[in-house]
Number of protein chains: 2
Amino acid sequence: MTHYRSAMASSTVEDYLKQILLLSAAGDELVSMGDLATALDVVPGTATTMVKALAAEGLVTHRPRYGVNLTAEGRRVALGVIRRHRLIETFLVNVLKMDWTEVHAEAELLEHAISDTVLDRLDALLGHPAADPHGDPIPTRHGKVDAQVYATLATCLLEKPLRIVRIVDQSPQFLEFAEQSGLRPGELLRVTDRNLAAGLVTVRKGPARAVTLGLAAAGHILVAPER
Amino acid sequence: MTHYRSAMASSTVEDYLKQILLLSAAGDELVSMGDLATALDVVPGTATTMVKALAAEGLVTHRPRYGVNLTAEGRRVALGVIRRHRLIETFLVNVLKMDWTEVHAEAELLEHAISDTVLDRLDALLGHPAADPHGDPIPTRHGKVDAQVYATLATCLLEKPLRIVRIVDQSPQFLEFAEQSGLRPGELLRVTDRNLAAGLVTVRKGPARAVTLGLAAAGHILVAPER
DNA sequence: CGCGTTATTTTGATTAGTCAAAATAAATCT
DNA sequence: AGATTTATTTTGACTAATCAAAATAACGCG
């Protein structure tokens, strides 16, 4: 009866498409069934079955035994889901004052239930934000994303002033750690030392106490040069 | 994995329980399978099957061939759903400034996806409202409802000043009509004429123009004596 | 190249929720 | 009371999404 979004995809379908987009790193590399299954917390056989169905609907292209990626239509749907997810997260943090380390799971739930009408109101209420509280870009209603390539704490220049633009890890543990260490989007800092042999990166905020983190973790924190 | 609400009921189960509560008029009369099936837009056989399953879970008591009503546990769940529904409606109207004639369907979608955490924040943001924009009471977190029995425009005294407390019809057409006629919750008026033979009721706001409506419609507008 | 490891696909079963249509019980009306 | 109407229940079948486990294909290494 109610046709909120054109050609209503089930929330399962939406999750598959979203995850394929996120795993292909907004690029066009094939996503393996194993990775997809892990991300969606199903067994690989389930992913295969579902992907074949999605391919039959023209939402993905499947190269059996190699992987899957999105068609233009699949990408359109996936971007819609991501837009909803990120606007909801922004709302939860900016309006409901929830902790930015806990909103991901909440948004995961709501992203499939919110209508375009409500979403547009929310978007307006929030002032049409370009990024969510994690610093992830919010696609527009028409599926455009600010494609910008950032350095990470693992790759950037030493001693240069940097601003954190984004944390690309959604796990509560990691976000909790980042929060505790003052590594939030918007914060100003510099990398004072990077020991690739030991896999350690040391960062400093102004003259204050240093924080040391592993190379892998450092790679999840995107930064832009400042001043 | 995520256990938002204790003993997570599927949204189908939630809908059945909610509808049983609403159809039994918050009372304890048995709800017929026919009425339940109509309300949920399924065929009667489906309702029977589902009700048997709910009975097996201890959420309802089913007297085969006669009807169904809620157990204490089923009622608890149903009141939770209704609380979520009405708080969401209130949010959509008061914060997102949506039209009160269109929020019902939206809330229907969101009520199954919102977590208790988010709901509590919403509740606080809205100032712990006692009723939604239709005037329907919002159950507390602990399942208490302001049980108050109101007169309707079909039953109240003539010429007495009245305040509209609630509209008990969710159909957009009816709400649209009520809106157009200035029959919103909170409005002050009096019934100047009631012709039971013709099935007509005439109401007047102050000395202004009269509005005439059918007896059935009048029965859907709850009022309380004023001054 | 051939053999073992690893990832993917297939197959067969399961669960929740649904419908269509036949069977049955209750209510109603002479 | 008996016959007919009406509501409810049962039966069998279907769809979406899933898992377990067997079958198959690709990869990598000596």
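Residue numbering restarts at 1 for every chain, and letters A, B, ... go by the order of the sequence lines.
Rounded to a whole Å, the CD atom of Gln19(B) is 16 Å from the P atom of dG17(C). Here the P atom of nucleotide dT10(C) and the CE atom of Met33(A) are 11 Å apart, to the nearest Å. Between the CG atom of Leu36(B) and the C1' atom of dA7(D) there is a distance of 14 Å, rounded to whole Å. Per the geometry, CG belonging to Leu40(A) stands 12 Å off C1' belonging to dT18(D), to the nearest Å. Residue Leu30(A) contributes atom CG, which lies 11 Å from atom P of dT8(C) at whole-angstrom precision.
The residue Gly34(B) sits close only to the backbone: its heavy atoms come under 4.0 Å of sugar-phosphate atoms, none of a base.
Contacts of Asp123(B) classified as side chain to side chain donor-acceptor pair (under 3.5 Å), with partners at least two apart in sequence or in another chain: Arg83(B), His128(B).
Across dC19(C), dT9(C), dT8(D), the shortest atom-to-atom separation from the side chain of Val42(B) is found for dC19(C). For Thr12(A), taking side-chain heavy atoms from C-beta onward, the closest of the listed nucleotides dT8(D), dT18(D), dA20(C) is dT18(D).
Note that the CG atom of Asp132(B) and the CZ atom of Arg86(B) stand 6.0 Å from one another [nearest 0.5 Å].
For the residue pair His112(A) and Asp15(A), a side-chain donor N or O sits within less than 3.5 Å of a side-chain acceptor on the partner. Under the 3.5 Å distance criterion, with hydrogens and angles disregarded, a donor-acceptor pair is assigned to the side chains of Ser115(A) and Glu106(B).
Neither OP1 nor OP2 of dG17(C) sits under 4.0 Å from any side-chain N or O of Thr46(B). In terms of phosphate contacts, Tyr66(A) brings no side-chain nitrogen or oxygen within less than 4.0 Å of OP1 or OP2 of dT9(C). Between Thr48(B) and dT9(D), a side-chain N or O to OP1/OP2 separation shorter than 4.0 Å is present.
Residue whose closest nucleotide on DNA chain D sits further toward the 5' end, between Gly45(A) and Tyr16(A): Tyr16(A).
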Under 3.5 Å donor-acceptor pairs involving side-chain atoms of residues 172-181 of chain A, not counting sequence neighbours:
from, atom 1, to, atom 2, distance (Å)
Glu176(A), OE2, Gln180(A), NE2, 3.1
Glu179(A), OE1, Trp100(A), NE1, 2.1
Glu179(A), OE2, Arg184(A), NE, 3.4
Ser181(A), OG, Phe177(A), O, 2.8

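Listed here is the closest heavy atom pair of Leu17(B) and Ala78(B): O-CB, 3.6 Å.
Thr46(B) places no side-chain N or O within 3.5 Å of a backbone atom of Val42(B) that could act as its donor or acceptor partner.
The stretch residues 49-65 of chain A comes close to DNA chain C through Lys52(A), His62(A), Pro64(A), Arg65(A), each having a heavy atom under 4.0 Å from the strand.
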